[in-house]
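A short worksheet on the structure shown next.
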Amino acid sequence: MTEPHPETLALLARLIAFPTVSAESNLALVDFAEHHLRQAGFTTHRLASPDGTKAGLMARLGEGQGGVMLSAHSDVVPVAGQDWSRPPFRLTREGANLYGRGTTDMKGFLAAMLSSASRAGKTGLARPLMLAISYDEELGCTGIRHMLPGIEALGWQPAFCIVGEPTGMRPAIGHKGKAALVATCHGTAGHSSLAPRHVNALHLAAEFVAALRRIQSDYAGSALADDAYGIPYSTVHAGRMQGGTALNIVPDRAVVEFEFRHLPGDALPDFQSRLRAEVQAILAQFPDPAADIRIATTNTYPGLGIAPDHPAVEEVARLCGHPQRIKVTYGTEAGYFLSLGIPTVVCGPGDMEAQGHKPDEFLTAQQLAACDRMLDGVLARLRA
């Protein structure tokens, strides 16, 4: 099969038409998916966001132990500021390429999920098929974290879960965890002509960024490394610094936003302890008691690490037809499912680096067809 199932293509067109950028509601898409799944005989459970403007959806067909869970997120990254030559929220096919926001990340897999649900509903299953549709994955996997208590309360324990982020249809068994942090630097305001009498918060921030670079150098030189990643060590990245109101005013506040993407062996508490030591060393250079640096962690998500010879990995490799195990540079929701005791592998159509988050995002029909073949294999497994 070199072409996707016709229903998969039709569903992808419907899904792309929902402009579910993370800043907007996904409820219209959830309404559509829930109706589709109920028509196929699934039992559904909505898990509303704290403010009620979004929702996740859990669905199940079949009874008994084991089974398989499939997982996708419903949100997409914005198109604002990108130079699209095709309508981003309308599926456009040109040759083998399927264009539209979210085709690769990750409505292609979501369409294949819903299409497989239709086929599952037409025949009996010996073991259950479970689907998870989340929201706000693009904001740092925040939606699945809110959904987690509701998922846990359902008590589902599939034999394994496939998170369908784009891997070129190869089984991915690992990715780094991530923490997003912010350092707020406090100084004292004053006229710039008297600058030496004041604590410049931007100077504190500059020292702090230099400290982040020192920590990064230490991680780069560490014996703890994993060559399966393009960057084999944990990384520290300063992404934004803001401070000051006018050139002739000494700034009394500056903010540095930074992140830590870490291997399993580089624990977040150890990184935070190193930060505290660096902050104390910086403040020792500024005797004014008003000088301060306060660090807050704004978001985290767990990494993924599952043994390459785990039975779930072996099964997904068989289903997708690729024996090669890989690790991916980006984060996913897989670690959350793993935290529930569900063996989890990332495997889905598309190439995140080449196609995801870009203008004229696309997915090839061959990759989507390969995904359909994998999910046909899942259904065959559940019928046996």
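The one candidate from Glu137, Glu165, His175 that meets the side chain to side chain donor-acceptor pair (under 3.5 Å) condition with Thr332 is His175.
Scored by the side-chain contact (heavy atoms from CB on, under 4.5 Å) test, Glu94 finds Arg86, Thr92, Tyr99 as partners (sequence neighbours excluded). Residues satisfying the salt bridge (charged side-chain N to carboxylate O under 4.0 Å, His left out) criterion with Arg214, sequence neighbours excluded, are Glu278. Among residues two or more places apart in sequence or in another chain, the salt bridge (charged side-chain N to carboxylate O under 4.0 Å, His left out) test is passed with Glu259 by Lys178, Arg261. The salt bridge (charged side-chain N to carboxylate O under 4.0 Å, His left out) search around Arg276 returns none, not counting sequence neighbours. Applying the salt bridge (charged side-chain N to carboxylate O under 4.0 Å, His left out) rule to Arg145 yields no partners; only residues at least two apart in sequence or on another chain are considered. For Asp136, the side-chain contact (heavy atoms from CB on, under 4.5 Å) partners are Ser22, Lys54, Leu139, Thr142, not counting sequence neighbours. Among residues two or more places apart in sequence or in another chain, the side-chain contact (heavy atoms from CB on, under 4.5 Å) test is passed with Leu194 by Arg197, His198.
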Please list, one pair per line, the donor and acceptor atoms closer than 3.5 Å that link side chains of residues 151-160 to other protein atoms, with sequence neighbours excluded.
| from | atom 1 | to | atom 2 | distance (Å) |
| --- | --- | --- | --- | --- |
| Gln157 | NE2 | Leu340 | O | 3.3 |

Counting only pairs under 3.5 Å, give me each side-chain donor-acceptor contact of residues 281-293, with atom names and distances, residues two or more places apart or in other chains.
| from | atom 1 | to | atom 2 | distance (Å) |
| --- | --- | --- | --- | --- |
| Asp288 | OD1 | Ala290 | N | 2.8 |
| Asp292 | OD2 | Arg294 | NE | 2.8 |

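With respect to the salt-bridge test (charged N to carboxylate O, under 4.0 angstrom), the residues Glu3 and Arg93 qualify.
Leu263 belongs to a hydrophobic cluster with Leu224, Tyr229, counting contacts under 4.5 Å between side-chain heavy atoms of Ile, Leu, Val, Met, Phe, Trp and Tyr, direct or through other members. Other residues sharing the hydrophobic cluster of Val76, ordered by chain and number and joined by side-chain separations under 4.5 Å: Val21, Val79, Trp84, Phe89. Using a 4.5 Å cut-off between side-chain heavy atoms of Ile, Leu, Val, Met, Phe, Trp and Tyr, Ile231 falls into a hydrophobic cluster with Tyr233.
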